Each structure stands twice: as structure tokens, then as C-alpha cells.
Amino acid sequence: MTDQKPLEKMPTRDPAEDNAFFPSPYSLSQFTSPKSNLSGADYPEPYTGVKRVLMIGADERYLLTDNGTFFSTGNHPLETLLPMYHIDKAGFAFDVATLSGNPVKFEYWAMPAEDEAVKSFFARYRAQFKQPLRLSEVIEEGLDDYAAIFIPGGHGALIGLPESEDVKAALEWAAAKDRFVISLCHGPAAFLAVGDSDIYRGYKICAFPDAMDAQTPEIGYMPGHLTWKFGEKLKDQLGMEILNDGISGAVHHDRKMLTGDSPLAGNALGKLAAEALLKDMAG
């Protein structure tokens with residue numbers, strides 16, 4: 001029996017951009033899987049009304065790190081598709097929007113290659129991911145037909161969303177109208193768009209921990225460190241409390257805010273959101 005060569009911990013070069021990198025083979029072996037934990041998407045009395053869910057996706061791929069390298073990122077497939085799968089099965093259609101109207105960027109290297117249910121669901125929404133709405137135009141037309149706003153995770157959520165006036169308008173609308181906001185992992189960085197508002201002060205959430213982000217370059221998941229800590233800003237700027245120190249698939253429901261800690265939480269967050277939306281619409 002021959003010894004297996006250890007997996008490479010150096011990030012993999014992305015040939016589409018200068019000095020840009022995908023996660024290392026080793027880190028992918030630790031953090032991705034050919035199949036997801038999708039389960040329990042059974043909703044015998046789905047919603048039949050007209051309210052939809054607005055998904056705000058990442059439209060920028062390259063995240064600059066502290067050493068000048070780019071991390072080739074986007075929205076994480078499981079953090080996007082698993083919550084959407086549950087909410088869709090519960091009867092709620094999606095509109096997909098990005099800040100620019102350019103396509104949603106995905107961390108396609110994390111797509112579960114052997115998970116036909118997830119891949120088929122991605123194919124169903126492929127056209128919307130490729131040609132999303134422009135968020136500013138959605139806001140201009142009015143948001144009252146939406147039951148919730150969903151901001152998926154992936155490091156792509158750190159690019160543009162936290163500074164966006166359009167994201168701010170959407171989140172302030174949701175707070176004023178008592179609509180659900182659903183997010184996980186790095187997605188809650190978008191909450192920073194509300195600036196010095198107090199609408200989230202005292203809220204408790206699950207999100208990807210800053211301390212774990214600081215460790216990921218050691219195994220080549222990212223080619224460098226982040227230039228800022230979104231969890232720290234959520235606490236200091238918005239007065240939010242992040243409940244988790246690690247990642248275990250934890251989710252949390254605080255008023256109309258539903259959050260999860262990582263890709264591990266995608267399925268549980270989807271089920272939580274589907275059930276909460278059904279209950280809200282029934283009431």
C-alpha cells in the first residue's frame with residue numbers, strides 16, 4: 001500500500017484575474033462535500049398567495065485581502081440554495097436582485113457535485129441568477145409584495161453590500177413593515193448598510209465568527225486575511241450580539257430576523273424560515 005500524498009494547502013490560482021486565488025485543495029477537503037445535508041423540506045400546506053421573497057445576491061467576485069491578493073469568492077451555493085429550496089417548497093417564489101443588475105457570483109467550487117436535488121434547484125433559478133433585477137429598480141417599484149428579504153452568505157457579501165444605500169433602503173423597509181430578514185454566515189455583513197441606525201440594536205444573531213476568518217489563511221482557504229472584521233462592526237456599530245464562537249450549524253430567530261452561522265446552517269435556516277413564513281402568512 002502506497003502512502004497518499006497530502007493535499008496541498010496553498011491556494012489555487014484563479015487564471016481569470018491577476019493575483020487571484022481559489023481555496024486550496026486541502027481546505028476544500030475540509031469545508032466542502034459532494035452532497036449537502038438537505039432534508040426535511042416537506043410542507044403539506046404550502047403558501048398559495050402572491051407574496052414573494054427578495055434574494056439580494058453578490059455581484060462582485062474578487063475580494064482584496066491584506067497582502068494584496070484577491071480571494072475569488074461570491075455567494076456560497078449551500079448558503080444560497082438550501083434556504084431557497086425550503087422557502088420555495090413552502091410555496092414562496094423568489095425574485096433575485098443584485099446591486100448592479102449583473103449576474104450573481106457563486107463560489108462554484110463549493111457546489112455539491114453529487115447532490116442532484118441541489119443542482120436541479122440551481123438549474124431552475126439559473127436564468128434569474130444570470131439576469132437578476134437591479135436592486136435600485138426593485139426598490140423604486142416598491143417592496144410591498146415581499147414577505148421577506150434573503151441575503152445569502154459567502155465572502156462576496158462583504159463586497160459592496162455593507163455600504164449600499166439600496167441595501168439600507170430594503171432593510172429599513174423590512175424593519176418598518178415588520179417583514180422577515182433572513183441571512184447566514186457572512187451575509188449579515190450587509191446589515192452594516194443601515195449605518196448609524198438603531199433598528200438592530202439588541203438583536204442576537206448567528207454569523208461566521210471573526211476569529212475563524214482569521215484562521216482560514218493558515219490552510220489556504222483564503223490567500224490572505226480580511227482587511228476588516230464584520231462581526232466586530234456589527235457589535236460596535238449596530239449593537240448586535242453574535243451568539244456563536246464556532247460553527248456548528250446553529251440558527252437563531254430573533255423577532256423577524258432569522259440567521260445561521262455557516263454553510264452547516266443552510267438546511268436548518270431554510271426550514272426555520274419556511275416555517276416562520278408560513279406561520280406569519282397564516283396569521
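Along the sequence shown, residues are numbered consecutively beginning with 1. Source: prediction; values computed, not measured.
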Are more than 12 heavy atoms, taken from residues, nucleotides or ligands other than [X], located less than 6.0 Å from that residue's [atom1] atom?
| X | atom1 | result |
| --- | --- | --- |
| Asp236 | CG | yes |
| Glu275 | CD | yes |
| Lys119 | NZ | yes |
| Lys256 | NZ | yes |
| Gln30 | CD | yes |

Are any of the side-chain heavy atoms of [X] and [Y] separated by less than 4.5 Å?
| X | Y | value |
| --- | --- | --- |
| Asp166 | Val138 | no |
| Leu82 | Val118 | yes |
| Asn267 | Ser39 | yes |
| Leu269 | Thr259 | no |
| Leu171 | Phe191 | yes |
| Ile159 | Tyr62 | no |
| Met55 | Pro152 | yes |
| Leu192 | Gln237 | yes |

Taking transitive links into account, so neighbours of neighbours count too, which hydrophobic residues share a cluster with Met10 at under 4.5 Å side-chain distance? none
Within one Ile-Leu-Val-Met-Phe-Trp-Tyr cluster: [X] and [Y], side-chain cutoff 4.5 Å:
| X | Y | value |
| --- | --- | --- |
| Trp173 | Ile56 | yes |
| Leu272 | Leu278 | yes |
| Leu277 | Phe150 | yes |
| Leu78 | Tyr221 | no |
| Leu143 | Phe180 | no |

Which atom of [X] lies closest to which atom of [Y], heavy atoms considered:
| X | Y | answer |
| --- | --- | --- |
| Thr69 | Gly224 | OG1-N, 3.9 Å |
| Ile139 | Ala169 | CD1-CB, 4.0 Å |
| Ile205 | Pro188 | CD1-CB, 4.0 Å |
| Pro132 | Val104 | CG-N, 4.4 Å |
| Ala113 | Glu116 | O-OE2, 4.4 Å |
| Ser36 | Pro112 | N-CB, 4.0 Å |

Report the distance from atom [atom1] of [X] to atom [atom2] of [Y], rounding to the nearest 0.5 Å.
| X | Y | atom1 | atom2 | answer |
| --- | --- | --- | --- | --- |
| Thr65 | Leu226 | OG1 | CG | 8.5 Å |
| Asp14 | Phe21 | CG | CZ | 9.0 Å |
| Ile247 | Cys185 | CD1 | SG | 7.0 Å |
| Glu141 | Ser136 | CD | OG | 10.0 Å |
| Glu107 | Phe31 | CD | CZ | 12.5 Å |
| Asp254 | Lys204 | CG | NZ | 8.0 Å |

For Val251 and Cys206, what are the C-alpha separation, side-chain angles and deciding distance, and is it a side chain to side chain contact (heavy atoms under 4.5 Å, CB included)? CA-CA 6 Å; Val251 296; Cys206 290; 5.7 Å; no
Check whether the side chains of Asn244 and His252 place a donor and an acceptor atom closer than 3.5 Å, and report yes or no.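 On atom types as modelled, these side chains do not qualify, holding no pair under 3.5 Å.
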Go through the side-chain N and O atoms of Asn75 and Thr80 and say whether any donor and acceptor fall under 3.5 Å apart.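 Thr80 and Asn75 do not have a side-chain donor-acceptor pair below 3.5 Å.
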Would Arg52 and Asp95 count as a salt bridge (charged side-chain N to carboxylate O under 4.0 Å, His left out) here? Give the steps. CA-CA 7 Å; Arg52 303 187 303 283; Asp95 285 342; 2.9 Å; yes
Between Arg124 and Tyr85, is the side chain to side chain contact (heavy atoms under 4.5 Å, CB included) condition met? List the steps. CA-CA 11 Å; Arg124 270 187 56 201; Tyr85 188 97; over 6 Å; no
Ring-face cation contact, Tyr43 with Lys89, 6.0 Å cut, 45° max: no
Which word best sums up how the rings of [X] and [Y] line up, parallel for under 30°, tilted for 30 to 60°, or perpendicular for over 60°?
| X | Y | result |
| --- | --- | --- |
| Phe230 | Trp228 | perpendicular |
| Tyr200 | Tyr203 | perpendicular |
| Phe71 | His155 | perpendicular |

For the pair His86 and Leu38, evaluate side chain to side chain contact (heavy atoms under 4.5 Å, CB included) and give the outcome as yes or no after the intermediate values. CA-CA 9 Å; His86 278 271; Leu38 178 65; 3.9 Å; yes
Check for a donor-acceptor pair, side chain of Asp261 on one end and backbone N or O of Gly249 on the other, with a separation under 3.5 Å.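 Answer holds: yes.
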Side chain to side chain contact (heavy atoms under 4.5 Å, CB included) evaluation trace for Leu161 with Leu99: CA-CA 8 Å; Leu161 300 187; Leu99 298 185; 3.7 Å; yes
Does Arg134 have any salt bridge (Lys or Arg N to Asp or Glu O under 4.0 Å) partners at least two apart in sequence or in another chain, and if so, which? Glu137
